[in-house]
Every structure is written in C-alpha cells, then in structure tokens.
**Student:** 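Structure in structure tokens, see below.
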Amino acid sequence: MSAPDKDEQAQQIKRKLGIPLDKKIILYAPTWRDDDYYGVGDYKFTLKLDIDRLKRELGDEYVLVLRTHYFITEHLDTTGFGDFVYNESSYDDISELYLIADVLITDYSSVFFDYAILKRPILYFVYDYEKYGSVLRGFYLNMETDLPGPLLKTNDDVLAALHDLPAVTQQYAAAYQRFSQRFNAWEDGHASQRVVDTFFADELHH
C-alpha cells in the first residue's frame with residue numbers, strides 16, 4: 001500500500017471488479033457480532049447502514065464495496081441495489097480493497113490499522129457502542145481519544161460525514177497523525193526488507 005504505483009494498481013483492481021473508474025469507493029467493513037445468530041452455526045446479519053439512502057444521496061459519485069465476515073456473506077442480498085453495491089466479502093486480498101477505497105467505514109474491526117497507512121478518511125459507525133463496549137467484547141483502545149476518525153452512532157451522522165469529508169479530515173488531522181506515529185511508523189513499504197537485513201546481516205555481508 002506504500003508502492004509508488006498504487007494509483008495505477010487501484011485502477012487495475014477496479015477494472016477487475018467491474019467498478020466504474022470514475023466512481024469513488026466507500027469500503028464498509030463491519031465487525032462480526034458474537035450475538036448475531038439464530039442458533040448454533042446458523043448466523044444472521046442485518047446491515048444497519050442505510051444503503052438505500054447512501055445510494056440516493058451519493059450514488060452519482062460513489063459506489064459501496066462490502067467486506068463482511070465470511071459467516072454471513074452468503075446471507076446478504078444486495079441485488080436490489082443495482083450497480084451501487086459490490087459485495088466483495090469473499091475477495092481473497094483485502095489489501096486490494098483498501099487500495100481502491102477513498103473512505104473506510106468500519107466499527108471495532110482491526111481493519112482500520114492497515115487502512116490508516118493510506119492516510120485516507122476513516123469513519124466509525126458504532127450504532128451499538130454502549131452494548132459492544134460493556135456486554136460483547138470491550139475495547140483495547142480508548143475509542144473516544146485514540147481513533148483517527150469520528151464515532152458515528154446514526155445513519156444521519158454517517159451521511160453528514162460523507163457529505164463533508166474534507167471537514168472531517170481537517171478535524172481529525174492531528175489525531176490521525178498521532179495514530180500513525182503510534183501504530184504505523186514503520187509501514188513505509190520497506191518493513192520486510194529491514195527485517196531481512198537485521199536477521200541476516202552477517203550472511204548478506206559474506
């Protein structure tokens with residue numbers, strides 16, 4: 001994701017997925033909820049994101065790429081949204097989806113750590129924030145202070161942020177920089193090279 005030709009790669013990936021080259025991409029990658037099932041091995045998932053409204057208000061400029069948990073990807077019916085939604089939950093390389101996305105919407109998933117390398121906007125749609133924090137799993141980070149983007153609890157909040165991404169980017173610029181320095185300081189495209197150089201320095205110099 002730090003490759004100098006990442007824009008060209010993104011165009012190739014869009015072509016492979018059949019996504020119009022003139023459309024921006026919202027990547028929605030929500031966390032799997034442990035309590036979201038009918039019975040043992042019988043999973044369910046209801047998208048809380050209002051896709052109808054997204055399409056209505058942003059469909060001229062954006063498409064939505066979905067990346068959900070493999071447990072429930074077969075249960076999602078997106079046929080009613082035409083060419084606005086691309087369900088890529090089974091796509092083999094999520095880093096390629098990061099590369100084409102102009103903005104990430106997630107919640108408590110770790111995907112935002114990797115996506116943040118791109119320095120693009122991240123929105124957190126946390127409609128069940130209190131329940132998730134106190135009942136389901138809890139948090140490893142301080143969600144109020146450590147994240148490089150806003151906590152949004154309603155679809156109104158999400159749409160408002162998407163309609164004014166430059167303002168969101170500006171508002172969270174300092175938080176984004178702190179987050180990147182804390183978690184992604186070594187992610188410059190040469191991390192593997194440094195590991196090899198460190199572990200095999202003697203062998204490489206003989």
**Student:** Can you measure from CG (L66) to OG (S90) and round to the nearest 0.5 angstrom?
**Tutor:** 11.5 Å
**Student:** As a quick check of understanding, evaluate side chain to side chain contact (heavy atoms under 4.5 Å, CB included) for I26 and L123, giving each step before the final call.
**Tutor:** CA-CA 10 Å; I26 302 165; L123 308 178; over 6 Å; no
**Student:** Apply side chain to side chain contact (heavy atoms under 4.5 Å, CB included) to residues N155 and F125 and explain how you reach the verdict.
**Tutor:** CA-CA 8 Å; N155 277 284; F125 184 34; 4.0 Å; yes
**Student:** How long is the straight-line distance from CD1 of I51 back to NZ of K55, given to the nearest 0.5 Å?
**Tutor:** 10.5 Å
**Student:** Please check: side-chain N/O of D102 versus main-chain N/O of I25, any donor-acceptor pairing under 3.5 Å?
**Tutor:** yes
**Student:** Using a strict 4.0 Å threshold on nitrogen-to-oxygen distance, state whether K48 and D128 make a salt bridge.
**Tutor:** no
**Student:** For the residue pair Y172 and I122, establish whether any side-chain heavy-atom pair is separated by less than 4.5 Å.
**Tutor:** no
**Student:** Do K119 side-chain atoms and Q177 backbone N/O form a donor-acceptor pair below 3.5 Å?
**Tutor:** no
**Student:** So if I apply the side chain to side chain donor-acceptor pair (under 3.5 Å) rule between E96 and each of K16, K14, Q9, which one comes out positive?
**Tutor:** K16
**Student:** Rounded to the nearest 0.5 Å, what's the gap from CG on D22 to CG on D60? Could you check?
**Tutor:** 10.5 Å
**Student:** Starting at CZ of R178, measure out to OG1 of T145 and round the result to the nearest 0.5 Å.
**Tutor:** 8.0 Å
**Student:** Determine the interplanar angle of the F112 and Y124 rings, folded into 0 to 90°, and report it as parallel if under 30°, tilted if 30 to 60°, perpendicular if over 60°.
**Tutor:** perpendicular
**Student:** Quick one: does any side-chain atom of T68 pair with a main-chain N or O of S89 as donor and acceptor, under 3.5 Å?
**Tutor:** no
**Student:** Measure centre to centre between the rings of F113 and F179, then say whether the value is under 6.0 Å.
**Tutor:** yes
**Student:** Dump the intermediate steps for side chain to side chain contact (heavy atoms under 4.5 Å, CB included) on I94 and D114, then the final yes or no.
**Tutor:** CA-CA 10 Å; I94 192 172; D114 292 329; over 6 Å; no
**Student:** Would the distance check show the side chain of R67 and the main-chain N or O of E88 forming a donor-acceptor pair, the cut-off being under 3.5 Å?
**Tutor:** yes
**Student:** Minimum heavy-atom separation for M143 and L151, please, with both atom names.
**Tutor:** O-CD1, 3.5 Å
**Student:** Considering all heavy atoms of both residues, which atom of A116 and which atom of S180 are nearest to each other, and what is their separation?
**Tutor:** O-OG, 4.3 Å
**Student:** Using side-chain heavy atoms (C-beta onward) and a distance below 4.5 Å, is L162 in contact with E57?
**Tutor:** no
**Student:** Hey, mind stepping through L159 and D50 against side chain to side chain contact (heavy atoms under 4.5 Å, CB included) and telling me if it holds?
**Tutor:** CA-CA 9 Å; L159 266 296; D50 190 339; 5.7 Å; no
**Student:** Identify the two heavy atoms, one from T106 and one from A29, that lie closest to each other, and give their separation to 0.1 Å.
**Tutor:** OG1-O, 2.7 Å
**Student:** Are side-chain heavy atoms of V65 and Y91 found at a separation under 4.5 Å?
**Tutor:** no
**Student:** Check whether more than 12 heavy atoms from other residues, nucleotides or ligands sit under 6.0 Å from atom CG of D83, and answer yes or no.
**Tutor:** no
**Student:** Which heavy atom in A10 sits nearest to a heavy atom in L99, and how many Å separate them?
**Tutor:** CB-O, 3.8 Å
**Student:** For the residue pair Y115 and Y98, categorise the inter-ring angle as parallel (less than 30°), tilted (30 to 60°) or perpendicular (more than 60°).
**Tutor:** perpendicular
**Student:** List the residues meeting ring pair (Phe, Tyr, Trp, His ring centres under 6.0 Å) with Y176, not counting sequence neighbours, and say none if there are none.
**Tutor:** none
**Student:** A side-chain contact here means heavy atoms from C-beta on lying under 4.5 Å apart; do V85 and L54 qualify?
**Tutor:** no
**Student:** For P30, is there any backbone N or O sitting under 3.5 Å from a side-chain donor or acceptor partner on S109?
**Tutor:** no
**Student:** If you round to the nearest 0.5 Å, how far is CG of L104 from CG of L118?
**Tutor:** 10.0 Å
**Student:** Nearest 0.5 angstrom please: I100 CD1 to K24 NZ, how far?
**Tutor:** 15.0 Å
**Student:** For D156, check side chain to side chain donor-acceptor pair (under 3.5 Å) against everything at least two apart and list the hits.
**Tutor:** R53
**Student:** Going by heavy atoms in the side chains, are P121 and L165 under 4.5 Å from each other?
**Tutor:** yes
